[in-house]
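Each chain gets a letter, A, B and so on, in the order the sequences are listed, and its residues count up from 1. Quick caveat: nothing in here was measured; it's all calculated off a predicted structure.
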There are 2 protein chains.
Amino acid sequence: MTSSDPIVEALGAAGYRLTGPRRAVAGLIAEYDGHFTAAELEIAARERRLGVSRATLFRALELLTELHVVERLDLPSGEHAYVPCVREHHHHLVCSRCGRVADVEDGALADAVAEIARRSGYRIESHRLELFGLCRHCQAKAGPSA
Amino acid sequence: MTSSDPIVEALGAAGYRLTGPRRAVAGLIAEYDGHFTAAELEIAARERRLGVSRATLFRALELLTELHVVERLDLPSGEHAYVPCVREHHHHLVCSRCGRVADVEDGALADAVAEIARRSGYRIESHRLELFGLCRHCQAKAGPSA
DNA sequence: GTGCCTGTCGAGAATGAGTCTCAATACGTT
DNA sequence: AACGTATTGAGACTCATTCTCGACAGGCAC
């Protein structure tokens with residue numbers, strides 16, 4: 001089987017071994033549109049009897065985070081979640097109802113950040129913008145005023 | 001003793017009792033320019049024999065967060081930290097070397113967020129921008145190229 | 001294809017942040 | 001000063017995450 005899965009490909013390209021557990025985790029992640037937590041993945045893995053231990057699951061997530069294939073997200077609730085994502089610098093727009101995640105380009109934000117750097121005198125090395133709201137779908141369900 | 005401490009004042013204004021442990025925590029927090037973690041506070045409290053239990057410390061932080069006197073921050077390392085801050089909506093610019101925190105007004109960012117909302121179709125409810133970099137001081141120490 | 005080296009894995013113990021319980025205590029009002 | 005209630009302390013508890021270490025398996029060399 002050729003690795004049609006981009007996550008598996010990223011692992012291979014970075015020189016990591018393409019092991020069964022890693023493929024399994026990659027497969028699970030590929031199914032998510034929105035964010036997922038480590039606990040959710042663990043349950044999903046257990047249900048399908050993928051035989052991935054918790055330690056391995058966390059190791060895989062750590063690895064994938066390092067490769068920028070998934071990104072770690074801090075929800076307003078304080079929970080940690082992960083989102084599968086593209087590798088370029090970008091931000092996340094998270095639906096607070098259904099969890100769906102949209103990627104947002106840096107766009108106008110880069111200018112705002114440059115402006116902040118100028119005014120503050122800081123040399124800005126990185127920034128992270130997290131946006132929370134309702135996606136179109138959930139707005140429709142919730143009604144226009146809710 | 002009149003409560004000269006703005007943190008203590010905020011507690012009082014919100015109708016909370018001004019207890020010893022809360023004053024102690026407020027006093028500790030007032031000493032920080034930059035961010036601090038719950039663990040750091042705990043150690044500081046123990047060193048000074050303030051007699052503030054862990055539970056109380058966390059309760060105080062929760063309370064102060066609710067009052068927007070401190071804000072919870074997620075460092076790139078994944079650690080949770082707190083920063084003392086003003087009450088209006090704003091963002092944080094954290095020096096990744098010394099931990100000093102500067103408040104940043106929303107400014108141009110609000111426009112960028114509105115633009116994102118328009119393009120994505122999401123109804124954005126909240127956003128959080130975290131900026132990391134070197135403050136002037138640390139830039140000078142680190143030299144122009146480091 | 002076979003073997004070997006080393007990266008990776010599993011199981012479960014360990015860690016550590018944060019929460020909870022409940023009896024004891026201390027605000028601050030009267 | 002007394003009282004009612006908010007708050008506290010101590011430590012057990014939870015739950016996510018990490019670590020340890022012997023066993024295993026991917027993939028390069030031959």
Integer-rounded Å distance: [N] [atom2] and [X] [atom1]:
X        : N       : atom1 : atom2 : answer
Glu62(A) : dA16(D) : CD    : P     : 18 Å
Arg49(A) : dG10(C) : CZ    : P     : 16 Å
Leu41(B) : dA17(C) : CG    : P     : 13 Å
Glu79(B) : dG18(C) : CD    : C1'   : 15 Å
Leu63(A) : dG7(C)  : CG    : P     : 14 Å
Arg59(A) : dT17(D) : CZ    : C1'   : 12 Å
Arg54(B) : dA10(D) : CZ    : P     : 11 Å
Leu57(A) : dT8(C)  : CG    : P     : 16 Å

Base, sugar-phosphate, or nothing for Gly51(B), non-hydrogen atoms under 4.0 angstrom?
-> sugar-phosphate

Donor-acceptor contact below 3.5 Å, side chain His90(A) vs main chain Glu88(A) = yes

Establish, with yes or no, whether the OP1 or OP2 oxygen of [N] is under 4.0 angstrom from a side-chain nitrogen or oxygen of [X].
X        : N       : value
Thr56(A) : dG10(C) : yes
His80(B) : dG18(C) : yes
Arg22(A) : dT8(C)  : yes

More 5' along DNA chain D: Val52(B) or Phe58(A), using each one's nearest nucleotide?
-> Val52(B)

Comparing nearest nucleotides in DNA chain D, the 5'-proximal residue of the pair Ala38(A), Tyr16(A) is Ala38(A)

Between Arg72(B) and Gly20(A), who's closer to the 5' end of DNA chain C by nearest nucleotide?
-> Gly20(A)

Nearest-nucleotide 5' precedence on DNA chain C, Leu50(A) against Arg17(B) | Leu50(A)

Can you measure from CZ (Arg100(B)) to CG (Leu134(B)) and round to the nearest 0.5 angstrom?
-> 12.0 Å

Is there a side-chain contact between Asp106(A) and Val113(A), using heavy atoms and a 4.5 Å cut-off?
-> no

Is Val70(B) close to Val83(B) at the side-chain level, that is, under 4.5 Å between some pair of heavy atoms?
-> no

Which of the following nucleotides, dG28(C), dG10(C), dC20(C), is nearest to the side chain of Leu18(B)?
-> dG28(C)

The nucleotide from dT8(D), dG11(D), dC19(D) with an atom nearest the side chain of Thr19(B) is dT8(D)

The side chain to side chain donor-acceptor pair (under 3.5 Å) partner of His91(B) among Glu130(B), His127(B), Glu105(B) is His127(B)

